[in-house]
Amino acid sequence: MTRNPIRAAVLEQPGKPLRMQTLFLDEPTDHEVVVRTERAGLCHSDRHYVTGALSITTPAVLGHEVAGVVERVGGAVTRLRPGDRVVATVTPPCGACASCVSGRPTQCARVEAMRLREQPRVVTADGTPVASLGGVGAFAERFLAHEQALARVDPAVSPAVACLLGCCITTGVGAVLHGAHVTPADTVAVIGCGGVGIAAVQGARLAGARRIVAVDALGAKLELAQRFGATDTVLADPDPAATLAAIRRILPAGVTRAFEAVGHPATAELAFAALAPTGVATILGLMPEGRTLTIPADELIYGDRVLQGAYMGANRFLADIDVFCDHYAAGRLDLDAMVTDQIPFEAINDGLAAMAEPTTIRIVVDFEAGIR
Ligand SMILES: [Zn+2]
Ligand SMILES: [Zn+2]
């Protein structure tokens with residue numbers, strides 16, 4: 001079968017910079033779509049694969065928070081057509097298993113099968129298969145995805161902000177709305193104010209939470225969080241007990257909803273410790289494989305507290321994107337201010353390094369900058 005050349009940033013070995021090279025993209029099968037990449041956000045999980053904190057088969061094309069334009073569709077695709085602007089998800093739902101039909105598509109029983117294909121999506125010039133993160137692999141001029149991984153977005157939403165819908169908004173806002181069902185009666189703590197944390201702050205504002213306490217080890221992040229709706233801030237102390245005491249000074253009874261967006265056992269345990277009785281702690285940060293959490297059984301049992309996950313914001317991707325776009329259009333969801341920098345594709349390694357800057361929320365890779 002013919003394959004088409006694309007420029008891609010390839011992870012050859014964890015700990016090394018991504019290397020720009022020409023890869024060869026397969027033709028779409030019946031239910032697949034070729035997307036021309038417009039913008040891709042740099043997400044912390046991408047960075048975790050680059051540093052080796054999370055593992056992936058190499059060589060690999062990372063990148064999963066992406067907006068682009070449909071170029072070609074497989075023979076059985078009816079929902080999308082060339083020219084549509086789309087955003088991608090790493091959890092393409094089959095739409096037919098028990099999880100999908102009961103409204104939990106991120107827990108689709110067939111999600112692995114939905115991402116797999118007989119032939120690799122991309123190969124190197126010598127035919128070596130290259131993995132595509134999450135069945136997407138968006139750090140490339142074009143990518144091939146299952147149609148169920150793609151949601152159409154209003155073309156009026158610029159790709160620079162549309163890409164955020166695919167991961168950080170879906171995860172942060174989704175966790176608040178679908179995972180923890182925040183209401184105006186809730187008091188919320190958000191621990192970790194990166195892209196996902198800021199999205200959770202915005203989700204809590206959207207849900208009408210009466211108090212939103214942002215917690216971060218960097219003062220600059222707390223200032224940002226206030227701009228997105230935090231009513232109170234806590235500068236995290238290296239000692240979690242001191243951080244907890246600071247949260248309790250603001251809300252002595254504890255919070256009714258806590259969100260962890262860091263990816264460390266200590267901050268996840270802090271999220272649980274911050275809860276009032278009957279409160280719900282939602283852990284969003286990805287942790288290296290094998291990590292365990294320790295929580296006091298008495299607080300769980302006697303206090304009816306809940307510790308839960310909400311992987312990818314427990315999203316209903318194909319329905320959520322329109323919801324987010326309407327709230328964005330109405331000014332209730334600020335996507336523009338979350339994009340703190342845009343960089344050309346060639347500068348992707350600099351962008352990955354700059355993610356640690358305290359004023360970074362999201363760095364977006366612009367695939368159209370300086371088009372060759
Ligand atoms: Zn992500
Ligand atoms: Zn399913």
Side-chain angles (χ1 to χ4, degrees), residues 9 11 31 37 39-51 53-56 60-68 87-116 132-139 143 145-151 161-175 179 192-200 203 259-263 283-288 309-321 324 335 338-339 348 351-352 355 360-365:
L11 176 72
H31 287 282
T37 312
R39 300 286 194 284
L42 299 182
C43 172
H44 279 275
S45 45
D46 294 313
R47 192 155 176 267
H48 289 329
Y49 292 109
V50 175
T51 61
L54 292 173
S55 60
I56 187 169
V61 180
L62 307 174
H64 59 283
E65 185 175 274
V66 59
V87 292
T89 180
V90 294
T91 54
C94 78
C97 72
S99 292
C100 282
V101 299
S102 56
R104 297 299 303 270
T106 53
Q107 295 300 323
C108 173
R110 299 196 190 101
V111 69
E112 287 294 334
M114 296 292 291
R115 291 190 201 115
L116 281 178
S132 302
L133 177 60
V136 178
F139 292 161
F143 64 93
H146 195 284
E147 60 174 321
Q148 286 287 91
L150 299 170
V161 296
C163 66
L164 304 186
L165 299 171
C167 182
C168 81
I169 293 293
T170 280
T171 303
V173 180
C193 296
V196 169
I198 292 288
F259 298 88
E260 193 267 4
V262 180
I283 311 306
L284 299 174
L286 298 183
M287 298 184 201
Y311 178 57
M312 294 306 294
N315 70 65
R316 297 104 195 243
F317 196 70
L318 298 179
D320 285 349
I321 296 304
F324 296 151
L335 303 180
M338 292 186 72
V339 179
I348 190 165
L352 288 163
M355 288 173 72
T360 295
I361 303 177
R362 257 317 188 251
I363 296 169
V364 169
V365 180

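Note that ligands are numbered from 1 as they come in the structure, with each ligand's atoms numbered from 1 the same way.
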Would you list the protein N, O or S atoms within less than 2.8 Å of the Zn ion (ligand 1), leaving out water?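 Under 2.8 Å from the Zn ion (ligand 1) - ignoring waters, which are not counted - the protein N, O or S atoms are C43 SG, H64 NE2, C167 SG.
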Atom pairs and distances, donor-acceptor, side-chain atoms in residues 100-114, under 3.5 Å, two or more places apart:
unit_1	atom_1	unit_2	atom_2	d
S102	OG	A98	O	2.6
S102	OG	S99	O	3.3
E112	OE2	R115	NH1	3.1

Nearest-0.5 Å distance, [atom1] of residue [X] to [atom2] of residue [Y]:
| X | Y | atom1 | atom2 | result |
| --- | --- | --- | --- | --- |
| I198 | I361 | CD1 | CD1 | 5.0 Å |
| L133 | F139 | CG | CZ | 8.0 Å |
| Y311 | T171 | OH | OG1 | 8.5 Å |

Can you list the protein N, O or S atoms less than 2.8 Å from the Zn ion (ligand 2)?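 Result, waters dropped: C94 SG, C97 SG, C100 SG, C108 SG.
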For the pair Q148 (side chain) and P93 (backbone), establish whether a donor and an acceptor sit closer than 3.5 Å, ignoring hydrogens and angles.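 Here the side-chain-to-backbone pair exists.
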Is there a donor-acceptor pair closer than 3.5 Å between any side-chain N or O of T170 and the backbone N or O of L165? yes
Residues passing the side chain to side chain contact (heavy atoms under 4.5 Å, CB included) test with T51, sequence neighbours excluded, are R47, A53
Just do the side chain to side chain contact (heavy atoms under 4.5 Å, CB included) check on H48 and C43 with the steps written out, would you? CA-CA 9 Å; H48 289 329; C43 172; over 6 Å; no
Please identify which of these residues, I363, D46, V50, L42, meets the side-chain contact (heavy atoms from CB on, under 4.5 Å) condition with I348.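 It is L42, the one option of I363, D46, V50, L42 that forms the side-chain contact (heavy atoms from CB on, under 4.5 Å) with I348.
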